[in-house]
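So the structure is just underneath, and the comments pick up after that.
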Amino acid sequence: MLISIVIPVYNSSRYIEKCIRSVFNQTYQDLEIIIVDDCGKDGSIDIIKRVLIEYPDFSSKVRFIYHEFNQGCAAARRDGMKEATGEYILQVDSDDFVDTTMVGKMVAKALEDDADMVVCNYYHTNKDRRSLVKIKRPSDNIEFVSMVLQGYVHAGAWNKMMRRSILAEHQIYPVAGINMGDDMTVLIQALFHVKKIGYIDDALYFYNCSNDESLSKTIYPMVNDLKLISLCSRFFKENDITNEEVLKSFKLFRMGRLGRNLLYYDLNEIAENQMTFDVTNAKDVFEHKRMPLHYKLVTFFYLKKWMIGVKMLRWLVRFKRRSNV
């Protein structure tokens with residue numbers, strides 16, 4: 001059974017060799033590896049090609065897609081996924097690496113359970129330390145969606161192998177321009193179509209938290225959140241999704257995004273996009289168990305129109321960030 005591994009690459013020269021060797025060294029070898037060069041300038045692709053020479057058996061298994069200009073990780077993931085021909089798609093970020101048994105164990109679980117998606121545990125890695133992250137197993141797909149929206153389960157595509165035919169049939173791909181949370185849109189949509197999910201207790205993916213250039217370490221533009229919220233809203237509406245648990249979780253998700261933007265972006269611009277965030281009840285802020293306290297406070301102050309409190313918190317956050325530089 002052919003498995004497609006999609007690796008978007010952009011300026012990952014410090015990590016890409018370890019990443020690509022971990023893929024080439026898989027115990028399961030029926031693979032196609034699709035590497036999307038998102039027009040990086042640090043020689044990452046040259047490193048991959050140099051390593052590839054050491055693995056002659058992979059010369060026919062590796063395909064490169066070259067972007068003419070930098071389009072962002074969402075477009076890179078999308079283009080790689082659309083080129084895939086395997087039974088399942090697995091995504092690997094170019095600054096991470098995987099256990100050499102990852103694909104084999106995921107394939108075995110997919111066959112055992114006839115699963116449309118297989119999920120494994122993973123490690124957070126930071127320099128010389130690693131911490132195990134165990135996936136909470138939801139009772140059904142609706143609870144899975146809610147847990148993703150509320151932040152109880154990481155939406156990352158990298159520890160979730162998905163059946164390609166489902167993604168292709170329903171045109172479930174990352175949307176260019178949503179470069180933080182692009183995998184969330186894919187996962188949420190997929191969860192309304194997959195019938196069976198298999199879980200692996202082993203931690204098989206190593207998620208790199210020490211890359212200071214990673215998108216997850218940046219404060220990304222408000223427009224990213226607005227596009228992400230609008231896409232999810234449209235999906236729920238077009239598919240007549242009225243489940244109360246999902247809609248409540250989506251409200252809490254919007255609340256968290258509003259809180260983050262209140263701390264870092266222009267307040268006038270936030271006011272202009274208030275209808276997209278669609279959050280009005282200040283008391284609802286404290287229902288979000290995973291929302292950081294300073295997000296809760298600034299959102300509560302904003303909805304209560306206590307702008308002095310909003311501005312004070314914004315100043316404190318900026319002062320703390322400057323102090324940590």
Side-chain angles (χ1 to χ4, degrees), residues 3-4 6 73-74 77-78 80-82 84 86-93 106-107 109-122 133-175 178-201 204-205 207 225 227-257 288-290:
I3 305 298
S4 301
V6 177
C73 64
R77 291 184 199 274
R78 175 202 63 199
M81 292 168 68
K82 287 187 173 182
E87 185 77 14
Y88 290 85
I89 294 178
L90 180 64
Q91 299 190 50
V92 176
D93 286 352
M106 285 194 146
V107 168
K109 175 56 70 170
L111 293 173
E112 177 186 347
D113 293 351
D114 190 25
D116 297 319
M117 181 188 300
V118 179
V119 184
C120 69
N121 294 329
Y122 61 95
V133 180
K134 293 185 177 181
I135 296 294
K136 296 182 179 180
R137 298 190 182 188
S139 59
D140 55 29
N141 290 14
I142 290 297
E143 186 181 7
F144 202 152
V145 171
S146 295
M147 291 171 71
V148 168
L149 286 168
Q150 293 191 50
Y152 289 103
V153 173
H154 199 299
W158 28 258
N159 69 325
K160 303 170 184 73
M161 189 176 77
M162 301 187 191
R163 194 183 296 275
R164 183 182 62 84
S165 60
I166 291 176
L167 302 175
E169 178 184 352
H170 300 284
Q171 290 295 290
I172 302 174
Y173 298 110
V175 175
I178 302 179
N179 291 314
M180 194 68 178
D182 57 301
D183 38 11
M184 173 182 285
T185 65
V186 170
L187 179 58
I188 286 176
Q189 292 179 73
L191 285 170
F192 285 97
H193 298 288
V194 302
K195 294 181 180 178
K196 187 70 180 294
I197 302 175
Y199 293 91
I200 296 175
D201 289 329
L204 303 173
Y205 193 92
Y207 178 47
D225 284 341
K227 288 180 178 180
L228 180 57
I229 291 170
S230 296
L231 189 150
C232 289
S233 295
R234 185 167 63 252
F235 173 76
F236 292 151
K237 183 176 181 180
E238 290 176 352
N239 291 274
D240 195 27
I241 295 169
T242 57
N243 181 275
E244 290 185 5
E245 181 182 355
V246 170
L247 296 183
K248 178 182 177 181
S249 297
F250 185 43
K251 178 188 71 176
L252 297 177
F253 172 77
R254 298 194 308 272
M255 194 172 294
R257 298 297 182 173
H288 199 322
K289 305 303 182 184
R290 298 278 294 176

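The nearest pair of heavy atoms linking Arg164 to Gly86 is NE-O, 2.6 Å. When all heavy atoms of Lys136 and Val153 are compared, the pair lying nearest together is O-CG2, 4.0 Å. Among all heavy-atom pairs drawn from Leu167 and Ala190, the shortest one is CD2-CB, 4.3 Å. For the residue pair Tyr88 and Ala110, the shortest heavy atom distance occurs at OH-CB, 3.6 Å. Across Ile172 and Met81, no two heavy atoms sit closer than the pair O-CE, 3.9 Å. Here the closest non-hydrogen pair linking Cys120 and Met106 is SG-CE, 3.7 Å.
Two residues are said to be in side-chain contact when any heavy atoms from C-beta on lie closer than 4.5 Å; Met162 and Val186 meet this criterion. Counting heavy atoms from C-beta outward, Val148 and Phe253 have side chains that stay 4.5 Å or more apart.
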Q | Chi angles and distances behind the side chain to side chain contact (heavy atoms under 4.5 Å, CB included) call for Lys196, Asp114 | A | CA-CA 7 Å; Lys196 187 70 180 294; Asp114 190 25; 5.8 Å; no
Q. Can Lys195 and Asp113 be said to form a salt bridge (charged side-chain N to carboxylate O under 4.0 Å, His left out), step by step?
A. CA-CA 11 Å; Lys195 294 181 180 178; Asp113 293 351; over 6 Å; no
Q: May I have the step-by-step check of side chain to side chain contact (heavy atoms under 4.5 Å, CB included) for Leu187 and Met117, ending in yes or no?
A: CA-CA 10 Å; Leu187 179 58; Met117 181 188 300; 3.7 Å; yes
(Q) Walk me through whether His154 and Val133 qualify under side chain to side chain contact (heavy atoms under 4.5 Å, CB included). (A) CA-CA 10 Å; His154 199 299; Val133 180; over 6 Å; no
Q: Test Asp183 against Gln91 for side chain to side chain contact (heavy atoms under 4.5 Å, CB included), laying out the working first.
A: CA-CA 10 Å; Asp183 38 11; Gln91 299 190 50; over 6 Å; no
**Q.** Residue pair Arg163, Glu87: steps toward the salt bridge (charged side-chain N to carboxylate O under 4.0 Å, His left out) verdict
**A.** CA-CA 6 Å; Arg163 194 183 296 275; Glu87 185 77 14; 3.3 Å; yes
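With values rounded to the nearest 0.5 angstrom, Leu231 atom CG is found 5.5 Å from Thr185 atom OG1. Atom-to-atom distance recorded for His170:NE2 and His193:NE2 is 4.5 Å, nearest 0.5 angstrom. We find the SG-NZ distance between Cys232 and Lys237 to be 15.0 Å, quoted to the nearest 0.5 Å. With rounding to the nearest 0.5 Å, the separation of CG in Leu252 from CG in Leu149 is 9.0 Å. Separation of atoms CD (Gln171) and CD (Gln189) is listed at 10.5 Å; rounding is to 0.5 Å. Rounded to the nearest 0.5 angstrom, Ser4 OG and Ile89 CD1 are separated by 5.5 Å.
With sequence neighbours excluded, the residues forming a ring-ring contact (aromatic ring centres under 6.0 Å, His included) with Phe236 are Phe250, listed by chain and number. The side chain to side chain donor-acceptor pair (under 3.5 Å) search around Ser139 returns Glu143, not counting sequence neighbours. The ring-ring contact (aromatic ring centres under 6.0 Å, His included) check on Phe235 picks up Phe192, with sequence neighbours excluded.
At least one donor-acceptor pair closer than 3.5 Å links the side chain of Asn141 to the backbone N or O of Val194. Using a distance-only test at 3.5 Å, with no hydrogens or angles considered, a donor-acceptor pair links the side chain of Arg290 to the main chain of Gly151. Remark: side-chain polar atoms of Asn159 are not paired, donor with acceptor, to backbone N or O of Val119 under 3.5 angstrom. Not a single donor-acceptor pair under 3.5 Å links the side chain of Asn239 to the backbone N or O of Ile241.
Within 6.0 Å of CD in Glu244 there are 12 or fewer heavy atoms belonging to other residues, nucleotides or ligands. Summarising the local packing, NZ of Lys251 is surrounded by more than 12 heavy atoms from other residues, nucleotides or ligands at distances under 6.0 Å.
Between Trp158 and Tyr205, the angle of the ring planes stays under 30°, which puts this pair in the parallel group of the 30/60° scheme.
Using a 4.0 Å cut-off between charged side-chain N and carboxylate O, Lys109 and Asp201 make no salt bridge.
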